[in-house]
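One structure below.
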Amino acid sequence: MSSETRGGSPWKRWELLFLVLYAIVFYAVIIRRSLQLSHEHSGRLYGMRRGWISNRLIDTSDPQWRNFRGNLPILTFVFGLFVLIANTLRSHFHLKGKGMSIVWLSLSMIYLIYLHGACVVYILSIASINFFLVKIFSQSKYFSCVLWVFNIIVLLTNRLYEGYPFSLFGRSWAFMDNYRGTFRWHICFNFVILRMISFGYDHHWARKDSHSDQKERGIRISKYSFITYVCYLVYAPLYIAGPIISFNSFASQLDMPQKSWSARQVTWYGGRWILCLFLMELMTHFFYYNAFAISGLWMHLSPLEVFIIGYGVLNFMWLKFLLIWRYFRFWSLTAGIEAPENMPKCINNCYDLEGFWKSWHASFNKWLVKYLYIPLGGSKRKLLNVWVVFTFVAIWHDLEWKLLSWAWLTCLFFMPEMIVKSAATAYQAKNALGELVLRELSAVAGAITITCLMVANLVGYVIGPSGINWLISRLLHKDGLPVLGGIFTSFYVGTKLMFHIRDARRSCT
């Protein structure tokens, strides 16, 4: 093999050098201006507190991150205690599926009662109704309709009635509203909905002896018991935020704890999580991206600064969810249950919509493919199915117009990508020039896609649909056009750099 083949063409090596230098300059500008903005406006931002690094202020404007970070000590204590009890009982009494179901159900119910108080009765009541509907209709041709209609109705009414105040059932029950726990149960129940649907379909397919994954075919009908089902729904390590795991995979690992991860690998996974936590602490102590967005102050900044804040908010969101999801996955791994990894790829290493969603909430993506996309017809009706899937995702998150706007914007951006991918698959480059043209067009398409992703996610999670006009007018204004050109160029360069990373990985396999 020649040195040129091993190292790539000289042009590609020079191109890679230029791309890396551009990326260094790009992030140097982002970091420098971010530090200046945070320093200049820290006194006018919402959600700032005194931090622990160099006596600096820390951005705690995101309530989800603030609550998670504040509860980490008590959560970690509960984490350690529960795992110690469960693993000790498993080892001492040689417990298998049913025994471990009882152990984890008991521990998880203690956890739930602390979180939701008297509202646990709502969780158990809805779960019981779903269980009996699955058992009754599992072999009926109306099964899918019954399962989805029931769970969608529950999802919507939970939000519409804000978790059903006990006073709704009469004055004599109003006193129970004083014992609703510390966390709103109907927010957590969104994940329970996904588990109820997973149990339903896994049971339905087990009855029909089809659609089961090879790994999960050992699950017998006897495993679909009420105790194992409820244990799956409220399993403490994954209850609040996931990641999402199928019923079959969960039940099989109760019988036989996961062996994919050694104790050393699990420990290293936890160590990497601590490093990511320290990175988040550095980010929130020095860069106040989310506080700018929450305070609305960024609407008065220059187009370049608007881009920097928007880009920073999306990176903050990515790191926040990575820390939350990996924390609970680590907890589950130490208990012997392996759940799919969310965020397997950095947000800055995604240049197409399909790849982005496969690596953002990856376990949810797998759930959607298995229980919604494929039953709807899969790739045969891909252009139609993405609208159904993303509309469900929006409703599942919350009943807000900005989330529906996010879902439909994403679908609109998906359409041209799917058409271009089909055309690119059909097209075969016949020479080096053809390959070069295809690569350049793909890089331009990647830059457009990244821009669309930024807009869709900012609309869905930050500015809402009412902010679209402001964002567009800010960037299309006379002083915003050069910035827009710079943004597109940077995303083009970033896409080309991702191509090099992809090619390097392929050459190593």
Side-chain angles (χ1 to χ4, degrees), residues 62-68 70-71 75 78 105 108-134 146-170 173-200 229-245 247 320-321 324-325 328 361 363-364 367-368 371-372 391-404 406-407 460-461:
D62 184 88
Q64 189 178 32
W65 175 249
R66 183 173 63 247
N67 290 336
F68 176 75
N71 286 309
L75 201 55
V78 172
L105 179 57
S108 299
M109 288 307 297
I110 296 170
Y111 186 55
L112 257 68
I113 289 169
Y114 168 76
L115 288 176
H116 308 312
C119 293
V120 168
V121 70
Y122 291 132
I123 297 170
L124 296 178
S125 298
I126 296 170
S128 299
I129 295 170
N130 184 77
F131 180 82
F132 289 116
L133 285 174
V134 168
V146 170
L147 184 68
W148 277 102
V149 168
F150 172 74
N151 281 280
I152 291 291
I153 288 173
V154 169
L155 183 65
L156 295 176
T157 54
N158 281 358
R159 288 304 181 99
L160 288 171
Y161 290 95
E162 291 292 324
Y164 317 107
F166 285 98
S167 57
L168 196 67
F169 305 102
W173 293 97
F175 76 97
M176 295 290 286
D177 287 320
N178 297 319
Y179 306 98
R180 294 184 70 91
T182 59
F183 206 87
R184 293 177 296 169
W185 74 274
H186 56 286
I187 303 299
C188 296
F189 202 79
N190 284 16
F191 282 97
V192 177
I193 292 277
L194 302 182
R195 296 181 195 117
M196 293 199 302
I197 293 172
S198 173
F199 171 80
Y229 162 72
V230 179
C231 175
Y232 166 63
L233 299 187
V234 301
Y235 174 61
L238 304 179
Y239 174 73
I240 289 180
I244 303 154
I245 183 173
F247 174 81
K320 174 186 75 170
F321 286 123
I324 292 172
W325 284 328
F328 291 113
H361 199 167
S363 65
F364 193 16
W367 185 96
L368 289 165
Y371 299 114
L372 185 56
T391 300
F392 170 74
V393 171
I395 293 171
W396 178 82
H397 275 91
D398 207 346
L399 292 175
E400 292 186 9
W401 275 115
K402 71 177 184 179
L403 288 170
L404 285 171
W406 159 82
Y461 296 99

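Given the structure is predicted, the values throughout are model-derived calculations rather than measurements. Position 1 is the first residue of the sequence, and the numbers go up from there.
- Shown here is Arg184, whose CZ atom has no more than 12 heavy atoms of other residues, nucleotides or ligands within 6.0 Å.
- Counting heavy atoms of neighbouring residues, nucleotides and ligands inside a 6.0 Å radius, atom OH of Tyr179 does not exceed 12 of them.
- Ile152 CD1 to Thr157 OG1: the interatomic distance, rounded to the nearest 0.5 Å, is 10.5 Å.
- Two residues are said to be in side-chain contact when any heavy atoms from C-beta on lie closer than 4.5 Å; Val192 and Val234 fail this criterion.
- The side-chain heavy atoms of Met196 and Phe131, taken from C-beta on, include no pair separated by under 4.5 Å.
- The six-membered or imidazole ring of Phe189 lies away from that of His116, with a centre-to-centre distance of 6.0 Å or more.
- With contacts defined as side-chain heavy-atom distances shorter than 4.5 Å, the pair Glu162/Leu168 does not qualify.
- How far CZ of Phe68 is from NZ of Lys320: 11.5 Å, rounded to the nearest 0.5 Å.
- Checked against the 6.0 Å centroid criterion, the rings of Trp325 and Phe364 do not qualify as a close aromatic pair.
- Taking all atoms of both residues into account, the shortest heavy-atom contact from Ile197 to Tyr371 is CG2-CB, 4.4 Å.
- When all heavy atoms of Phe166 and Asp177 are compared, the pair lying nearest together is N-OD1, 2.8 Å.
- The shortest distance between side-chain heavy atoms of Ile240 and Tyr111 falls below 4.5 Å.
- When ring centroids are compared, Phe191 and Trp396 come within the 6.0 Å threshold.
- Here the side chains of Arg180 and Leu115 are not in contact, with every heavy-atom distance at 4.5 Å or above.
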Apply side chain to side chain contact (heavy atoms under 4.5 Å, CB included) to residues Leu147 and Asn130 and explain how you reach the verdict. CA-CA 8 Å; Leu147 184 68; Asn130 184 77; 3.6 Å; yes
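- A distance-only check finds no donor-acceptor pair linking the side chain of Trp185 to the backbone of Val120 [under 3.5 Å].
- Inspection of the Asn158 and Tyr122 side chains reveals no N or O donor paired with an N or O acceptor under 3.5 Å.
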query = Checking side chain to side chain contact (heavy atoms under 4.5 Å, CB included) for the pair Ser363/His361: CA distance, chi angles, key distance, verdict?
reply = CA-CA 6 Å; Ser363 65; His361 199 167; 3.8 Å; yes
